[in-house]
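Here's the structure we're looking at; comments come further down.
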There are 4 protein chains.
Amino acid sequence: MQSRIPPPARTGGRPRNAAADAAILESTRQALVELGWSKLTLGDVATRAGVAKTTLYRRWAGKSELVVDAVAELFDELELPDRGSLAADIEGVVLQFAALLGRPETKTALMAVVAESTSDEPLRERIRTSIVDRQKRLVLAGRKRAQERGELPPEPDPTAAGLTADLIFDVIAGAVVHRALVSAEPVDEDWARRFTLLLLGGLAAAAAQTW
Amino acid sequence: MQSRIPPPARTGGRPRNAAADAAILESTRQALVELGWSKLTLGDVATRAGVAKTTLYRRWAGKSELVVDAVAELFDELELPDRGSLAADIEGVVLQFAALLGRPETKTALMAVVAESTSDEPLRERIRTSIVDRQKRLVLAGRKRAQERGELPPEPDPTAAGLTADLIFDVIAGAVVHRALVSAEPVDEDWARRFTLLLLGGLAAAAAQTW
Amino acid sequence: MQSRIPPPARTGGRPRNAAADAAILESTRQALVELGWSKLTLGDVATRAGVAKTTLYRRWAGKSELVVDAVAELFDELELPDRGSLAADIEGVVLQFAALLGRPETKTALMAVVAESTSDEPLRERIRTSIVDRQKRLVLAGRKRAQERGELPPEPDPTAAGLTADLIFDVIAGAVVHRALVSAEPVDEDWARRFTLLLLGGLAAAAAQTW
Amino acid sequence: MQSRIPPPARTGGRPRNAAADAAILESTRQALVELGWSKLTLGDVATRAGVAKTTLYRRWAGKSELVVDAVAELFDELELPDRGSLAADIEGVVLQFAALLGRPETKTALMAVVAESTSDEPLRERIRTSIVDRQKRLVLAGRKRAQERGELPPEPDPTAAGLTADLIFDVIAGAVVHRALVSAEPVDEDWARRFTLLLLGGLAAAAAQTW
DNA sequence: AACTAAACGAGACGGTACGTCATGTCTTGCC
DNA sequence: GGCAAGACATGACGTACCGTCTCGTTTAGTT
């Protein structure tokens, strides 16, 4: 995944300061918390990072690209906890994801860049690769683990398996995001339990059908 | 819900031009389609509407408020079709909602104002009353109709009923939005059928438990 | 002479603040004294004048145009003193002109805008009308007065008269500017006397020839 | 006169590339013609000369110094032609000087560096030695030759001689510059003849006085 | 029919941020 | 040590919108 503007083919010249990247991304998250998306300015980010505006523009094409990168780093910490059962694993992921969305930089930035991406195809692509697909791995890993535990039967048809995984993913991610950001209600243990119950029940019912 | 700035108590003076409101809202939607949220400017909207900037500011407090109103009008057309069964009704709502989200002005505006609302409580309130609650009513109406048909048992506990309705609502709206805007995959009849199957199966399983 | 950007044909709208013009021009001269031409910035001028940068750009196209106007105001104070004889009048004008060129805002600005004008024809035209031609009037007025006094014969041939006036003008203005700005030597009473002697002697000799 | 930054005392290391100097000065003149003073940038000059910016800064302190050197080279070609009489010699110098000022790089650069020099004493000094004094020598040489021819009497008082030479120099250089750059009229043979007539007549008249 | 008070268009205004550009310095690796 | 390449901090550029303001001009509904 390449979202920063790459340095020119190295034929000479002073190399870019690697520390600046980290400082810029951290400052971006900080500024997002304090100012929100629409009041965040690249000049301000540069100042916080102790870096010139030109340095920032040399590496990122604009506000959206920078924010996507800054937020994407946060999604690296998501992982599938092993809580012993499929239901518990799902609850764990839901709560972990909700905790991430509860952080002000994430909640503000995520919706804003998605909004921008509705009229910017490359940006949508970058969001998908940098952010969204990291979560999809969790769904696949969770199913694999459940199958190893014998909680789920092996899926013989790979096409149907992919469709189901996509559906599950949209349901989980969509419900949690909607609950947290649109309904603005807490995603607590109780909600996670009820949601997991609904999801697993639905999957069982669906598995009984011909898809 | 009143989001426009109200005219002063009428003691005389020229009344506001009612046609201007419609022109402004329509121009706002048009501009959203062409420019997206971040490049939409109020000056541009005023020009398109053939109206002075002052006229616009006399009636709305800012960009977010204006866009919420402009988009809210689109949600007026949502209604619960009677397709004969609970499953068919849900599929109908899903497809209707997806069709609305397919329009560029809706998709852009919805995510953008939600993003702004993460750091603007009054705005979130306005979004809830103008937009979100219009959808939630469909869930409630759908359940009522299903109970009348005998497809669902009456819910004796109003608290549990509310919790369930909220959960269903977050799942439906969240999944459709995520599919349409983030995954950027089509919400077609097939997807709607598979999603409905999952949802109803989950509800049945959940109803068998003590919530 | 029109060097400011004119306001649009008045059909409505808030009128320009006339006081701002004076404040801007005065601030420009002040900044020229302190900073010199190349370090003068329009943002700084705007700040000094207590005016927004946009106001400044609404009225002038750029640095050169602004400085020409600012300096041109200084040339309004030049006038032909009546000192009783042609020689004394010339000496008076020379000293007056030298005093003007001695002011730091004039000396810096004049050469700089002339330099810019070498690759900017409209600017040269503006300099000529706003600044240079004001001085040429002094030559014509001086000759007229000398003719009334009987010190010079009436000039029957208008073409030759024009040529002579242009030549005199280039000699006077050029010599004073060169002495003051390039040689950087004082234009004092002694120099003025010697220069006038040379000029009048030359004119008398030239008048004896067929031009 | 040394206006380039001298290389460090030679203790070893790679010597400077002498060809680069010529390329830089030539590129400077070229860029002056195309861009004018204010739009000329050192980075652009370096690129044209096929040289790194650092090389340029290693040798010159800034834009003014570089341009003075670039233009000074042009003044090397000035010389006093022997046309047989004082009047003809003066006309020849005037035309030669005018031809130099007619070149766009000269006219632009000369005024610009003089403007900068009004607030930069070392720069003025450099201009005087590199450029102005080259012209003044022509005045002195011309007088010497005229005295040898017997057209002018020997000047017994060296102080008065210096004063007169300075005055003549300011008058010639000033008038030609003003005619060419400010009035923007051609300095042709006719003008040169009329100007010389005026000057020589003035000198004769002045010589008749006690200075 | 005249009065009155607000709406309206136009556009100036003080601000703030934009994204670009030039300056003069620095760092790196090759000659 | 010179040199090409290019990153860097700095700071001005000229533009675009912001939201407010000041005009002169409608446009009702009173009186």
Side-chain angles (χ1 to χ4, degrees), chain A residues 7-18 20 39-44 46-47 50-59 61-63, chain B residues 7-18 20 39-44 46-47 50-63, chain C residues 7-18 20 38-44 46-47 49-59 61-63, chain D residues 7-8 10-17 20 38-47 50-63:
Chain A
R10 292 289 291 97
T11 54
R14 177 174 172 176
R16 287 190 186 164
N17 177 355
K39 297 204 173 126
L40 177 152
T41 72
L42 296 201
D44 180 68
T47 303
V51 138
K53 232 186 347 165
T54 38
T55 296
L56 210 153
Y57 278 105
R58 203 174 289 120
R59 303 180 188 206
K63 186 164 158 172
Chain B
R10 295 291 285 85
T11 55
R14 176 174 172 177
R16 287 190 185 162
N17 178 356
K39 295 200 173 132
L40 177 149
T41 72
L42 296 200
D44 180 66
T47 304
V51 138
K53 237 189 340 166
T54 33
T55 298
L56 211 154
Y57 277 105
R58 207 173 286 121
R59 304 180 188 203
W60 283 277
K63 185 163 159 174
Chain C
R10 291 291 287 97
T11 55
R14 177 172 172 177
R16 288 192 185 162
N17 178 355
S38 65
K39 296 203 174 129
L40 178 150
T41 72
L42 296 201
D44 181 67
T47 303
V51 138
K53 231 187 347 166
T54 38
T55 296
L56 210 154
Y57 278 105
R58 204 173 288 119
R59 303 180 188 207
K63 187 164 158 173
Chain D
R10 299 291 284 87
T11 56
R14 176 171 170 179
R16 287 190 185 164
N17 176 354
S38 66
K39 297 201 171 129
L40 177 150
T41 71
L42 296 200
D44 181 67
V45 169
T47 304
V51 139
K53 242 190 335 167
T54 31
T55 298
L56 211 154
Y57 277 105
R58 205 173 287 121
R59 303 181 188 202
W60 284 275
K63 186 163 159 173

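Quick note on labels: first sequence line is chain A, next is B, and so on, each numbered from 1.
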- Message: Show the nearest heavy-atom pair for residues Arg58(A) and Arg16(A), with the distance to one decimal.
- Response: O-NH2, 3.5 Å
- Item | Heavy-atom pair with the smallest gap, counting every atom of Gly62(B) and Leu42(B) | C-CD1, 4.2 Å
- For Lys63(D) and dA12(F), what is the distance between atoms NZ and C1' respectively, to the nearest whole Å? 13 Å
- Hey, does Pro7(A) reach any base, or is it just sugar-phosphate, or nothing, if we go heavy atoms under 4.0 Å? nothing
- Message: From OH of Tyr57(B) over to P of dG19(F), roughly how many Å is that when rounded to an integer?
- Response: 4 Å
- For Gly50(D), answer base if it contacts any base atom (sugar-phosphate contacts may also be present), sugar-phosphate if it contacts only those atoms, and nothing otherwise; contact means non-hydrogen atoms under 4.0 Å. sugar-phosphate
- Task: Mind calculating the distance between NZ (Lys39(A)) and C1' (dG19(F)) to the nearest angstrom?
- Result: 13 Å
- Indicate, with a heavy-atom threshold strictly under 4.0 Å, whether Asn17(C) touches base, sugar-phosphate, or nothing. sugar-phosphate
- So, is Arg58(D) close to the dC26(E) phosphate, meaning a side-chain N or O under 4.0 Å from OP1 or OP2? no
- Is Thr55(D) near enough to dA4(F) that one of its side-chain N or O atoms lies under 4.0 angstrom from OP1 or OP2? yes
- Item | Shortest side-chain distance from Pro8(B), nucleotide among dA6(E), dA9(F), dC8(F) | dA6(E)
- Task: Rounded off to whole Å, could you give me the CG-to-C1' distance for the Leu56(A) and dC18(E) pair?
- Result: 13 Å
- Lys53(C) (side chain) and dG14(F) (base): donor-acceptor pair under 3.5 Å: yes
- Query: Of the nucleotides dA4(F), dC18(E), dT15(F), which has the atom closest to the Thr54(D) side chain?
  - Reply: dA4(F)
- Message: To the nearest 0.5 Å, what is the distance between CG on Asn17(D) and CZ on Arg59(D)?
- Response: 6.0 Å
- Taking atom P of dC13(E) as reference, at what distance in whole Å does atom CZ of Arg16(C) sit? 7 Å
- Message: Should the side chain of Arg14(A) and the base of dC8(F) be counted as holding a donor-acceptor pair, with the cut-off at 3.5 Å?
- Response: no
- Between Leu42(B) and Asp44(C), just flag the one whose closest nucleotide in DNA chain F comes earlier from the 5' side. Asp44(C)
- Note on the structure: Taking dG19(E), dC23(F), dA28(F) as options, the one with an atom nearest any side-chain atom of Pro15(C) is dC23(F)
- Item | Between C1' of dA12(E) and CZ of Arg59(C), the distance in whole Å | 8 Å
- Residue pair Ala52(D)/Ala61(B) against DNA chain F: nearer the 5' end by closest nucleotide is Ala52(D)
- Heavy-atom closest contact (Val51(A) atom, Ala20(A) atom, distance): CG2-CB, 4.1 Å
- Reported NZ-to-CG distance for the pair Lys53(C) and Asp44(C), which is rounded to 0.5 angstrom: 11.5 Å
